[in-house]
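The structure under discussion appears below in the form of structure tokens.
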Amino acid sequence: MNADASAADTGAETRPEGTGTGRLVLLTTSHRVAPGLLSWPAWQILRAADRVLSADPDHPQLPYLREAGIEVETAAPAARELVDYCVPEARTAVVLTSADGESTLTDGLARLAGSGRETMPDLELLPGSYDLPGARLLDLVQVMDQIRAECPWSSVRTHRDLAKYGIEEAYELVEAIEEGDRAELREELGDVLLQVVFHARIAQDDPDEPFSIDDVAGTIVERLLHRHPHVFGEADAATPEDVKAHWLRKKAEEKQRESVTEGIPLAQPGLALTAKLASRVRSAGLEVAPPGGKGIGYELLALALRAEAEGVDPEAALRAAARSYRDAVVAAEGGAGQGGGAQHVPGGQSPSVKE
């Protein structure tokens, strides 16, 4: 038995039980909600309390509570002390919990209550504020700020340094979607989100044209509002086709492009590039004959154009076929292994080496 428990037991034997019960409230708040924005029950209990305590003298809520006329004691509350304060006179004490919680206090209260020899006050856990949807994004921004400031590798990265990772993470996300792996999808979405936050944090350090994650979010919010007049305005859109027409029209107004090919990244995979070009041509109502030519490239071009015209993503279709080919290769390797012969690995690499 430790010293605290011994003292608690000794006190329990000599201290007469009080006639009241009192009330001890642990008030929790979220650091992701602006200080002072507390629930009405929280304000009620704070105003009615006989005593309000906080172990953290820098708790962000303190200035707002003091402004509201609530006196807060900045001292680490002890379980024995609070029980002795609340019980005899049926008083109410509120403990404003810190970001790290109050494990010492709660452990002490648990020991006293568990002894069976104590008259305990009514113990309550009252959430003073709740996280809003998207609140963890603020955590991500905060963590990225610290990493950028303190990590030797991350602190010197540039947009160009990270470009390849953006491509890799996008492909891994597509793979997770096509495989139907929900756990992997969640993880890969996080990796893609990290790229956005990381690039935005790098951009914040630019000496000439800085911008932040808030600027990035603000830009896309404005674009979404503008391109969805059927949601945020008075336009009508009863079908997905109507929505697409709104989107294309608003996008054309924003971009003011001279060619339907503008904005199409030419560095993307060939099948995807062909499909995107064909989609722009069809949406613009143009009649464009594919260029004549001989060779496998023109044959692939014709197949990609045909796929897009039939509503098939040629890149996804080829990936699906390639996966089937991969499965056939694995099956063939298994058959060769069962035959007892050594597998031939090009270049002399071990089969365990990841390409």
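Small disclaimer: the values here were computed from a predicted structure and weren't measured. This chain uses plain numbering: 1 for the first residue, then up along the sequence. Side-chain atoms are counted along with the backbone in the values below, which use heavy atoms only and exclude waters and symmetry mates.
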Check for me, please, whether Val33 and Leu96 land in the same ILVMFWY cluster - side-chain distances under 4.5 Å, paths through other members count. no
Pro60 meets the side chain to side chain contact (heavy atoms under 4.5 Å, CB included) criterion, sequence neighbours left out, with Pro35
Rounded to the nearest 0.5 Å, the CG atom of Asp313 sits from the CG atom of Leu271 at a distance of 8.5 Å
Just wondering, do Phe211 and Val216 contact through their side chains at under 4.5 Å, heavy atoms? yes
When rounded to the nearest 0.5 Å, the distance separating CZ of Arg51 from SG of Cys86 is 8.5 Å
side-chain hydrogen bond (donor to acceptor under 3.5 Å, both in side chains) between Asp327 and Ser324, worked out
CA-CA 5 Å; Asp327 293 342; Ser324 296; 5.4 Å; no
Here the pair of heavy atoms bringing Ser259 nearest to Thr261 is OG-OG1, 2.8 Å
Ser30 and Tyr130 have their tightest heavy-atom pair at CB-C, 4.4 Å
Note to self: I'd like to know whether Ile264 forms a side chain to side chain contact (heavy atoms under 4.5 Å, CB included) with Leu273, so could you lay out the CA-CA distance, the side-chain angles of the two residues, the decisive distance to 0.1 Å, and finally the verdict.
What the structure shows: CA-CA 8 Å; Ile264 298 178; Leu273 171 61; 3.6 Å; yes
Can you find a pair of side-chain heavy atoms, one from Leu26 and one from Thr106, that are under 4.5 Å apart?
yes
task: For the residue pair Thr274 and Glu308, establish whether any side-chain heavy-atom pair is separated by less than 4.5 Å.
output: no
message: Side-chain heavy atoms nearer than 4.5 Å, only ILVMFWY residues, links allowed to pass through others: does that put Val72 and Leu38 together?
response: yes
CZ (Arg201) and CG (Leu140) are apart, to the nearest 0.5 Å, by 12.5 Å
- Return yes if some donor-acceptor pair links the side-chain N/O of Ser279 with the main-chain N/O of Ala275 below 3.5 Å, else return no. no
Within the 4.5 Å heavy-atom criterion, are Glu89 and Asp50 side-chain neighbours or not?
no
Here the gap from Leu65 atom CG to Trp43 atom CH2, rounded to the nearest 0.5 Å, amounts to 5.0 Å
key: Validation row: Val141, Asp214 side chains within 4.5 angstrom (heavy atoms)   = no
Practice item. Please confirm whether the backbone N or O of Val52 pairs with a side-chain atom of Glu73, one donor and one acceptor, at under 3.5 Å? Key: no
Practice item. Taking His226 for its side chain and Glu222 for its backbone only, find out whether a donor-acceptor pair lies under 3.5 Å. Key: no
Taking atom types as modelled and ignoring hydrogens, do the side chains of Asp107 and Thr104 form a donor-acceptor contact shorter than 3.5 angstrom?
no
Asp236 and Asp242: CA distance, side-chain angles, deciding distance, side chain to side chain contact (heavy atoms under 4.5 Å, CB included) verdict = CA-CA 8 Å; Asp236 294 324; Asp242 292 339; over 6 Å; no
Run the numbers on Val231 and Leu224 for side chain to side chain contact (heavy atoms under 4.5 Å, CB included), then give the verdict.
-> CA-CA 10 Å; Val231 176; Leu224 289 171; over 6 Å; no
**Asked** Going only through I, L, V, M, F, W and Y residues with side-chain contacts under 4.5 Å, is there a path from Leu303 to Leu277?
**Response** no
Notebook entry, point to check: So, do Leu126 and Val94 sit near enough that their side-chain heavy atoms are less than 4.5 Å apart?
Noted result: no
Between Gln195 and Gly166 the two heavy atoms that sit nearest each other are OE1-N, 3.8 Å
Quick check: is Leu123 connected to Val25 through a chain of hydrophobic side chains (ILVMFWY, heavy atoms under 4.5 Å apart)? no
When rounded to the nearest 0.5 Å, the distance separating CD of Glu169 from CD1 of Ile167 is 11.5 Å
Closest non-hydrogen contact found for Pro57 with Thr74 is CA-CG2, 3.9 Å
Is it true that a side-chain atom of Thr97 and a backbone atom of Leu27 form a donor plus acceptor pair closer than 3.5 Å? yes
>> Below 30° counts as parallel, above 60° as perpendicular, anything between as tilted: where do the rings of His159 and His199 land?
In response: parallel
>> Any salt bridge linking Glu310 with Arg306? Criterion: basic side-chain nitrogen under 4.0 Å from a carboxylate oxygen.
In response: yes
| field | Donor-acceptor contact below 3.5 Å, side chain Arg157 vs main chain Trp153 | value | yes
Worksheet item: In terms of heavy-atom contacts, does CZ of Phe232 have more than 12 from other residues, nucleotides or ligands at under 6.0 Å?
Response: yes
Distance only, no hydrogens: is a donor on one side chain within 3.5 Å (strictly under) of an acceptor on the other, for Thr158 and Asp161? yes
(Q) Within the 4.5 Å heavy-atom criterion, are Leu112 and Arg80 side-chain neighbours or not? (A) yes
List the steps and the verdict of side chain to side chain contact (heavy atoms under 4.5 Å, CB included) for Arg148 and Ile202.
CA-CA 8 Å; Arg148 179 68 171 171; Ile202 292 172; 3.7 Å; yes
Has the side chain of Arg47 got a donor or acceptor atom that lies under 3.5 Å from a matching backbone atom of Ile70? no
Fill in: Electrostatic pair Asp139-Arg32, nearest N-O below 4.0 angstrom
yes
When rounded to the nearest 0.5 Å, the distance separating CG of Leu137 from CD of Gln142 is 13.0 Å
Nearest heavy-atom contact between Ser212 and Gln204 is CB-OE1, 3.9 Å
Fill in: Over 12 non-hydrogen atoms of neighbours within 6.0 angstrom of CD in Glu67
no
Just wondering, do Leu301 and Pro291 contact through their side chains at under 4.5 Å, heavy atoms? yes
Note: Ala78 and Leu105 closest approach over all heavy atoms is C-CD1, 4.0 Å
Without placing hydrogens or testing angles, list every side-chain donor-acceptor pair under 3.5 Å for residues 177-189, not counting sequence neighbours.
from, atom 1, to, atom 2, distance (Å)
Glu178, OE1, Arg319, NE, 3.1
Glu178, OE1, Arg323, NH1, 2.9
Glu178, OE1, Arg323, NH2, 3.2
Glu178, OE2, Arg319, NE, 3.2
Glu178, OE2, Arg319, NH2, 2.6
Glu179, OE2, Arg323, NE, 3.0
Asp181, OD1, Ala183, N, 3.2
Asp181, OD1, Glu184, N, 3.0

| query | Is the backbone N or O of Ala203 less than 3.5 Å from a side-chain atom of Asp206, with the two atoms forming a donor-acceptor pair by type? | reply | no
For this session: Check the hydrophobic clustering (I, L, V, M, F, W, Y; side-chain heavy atoms under 4.5 Å; chains of links allowed) and say if Leu37 and Leu132 are grouped together.
Result: no
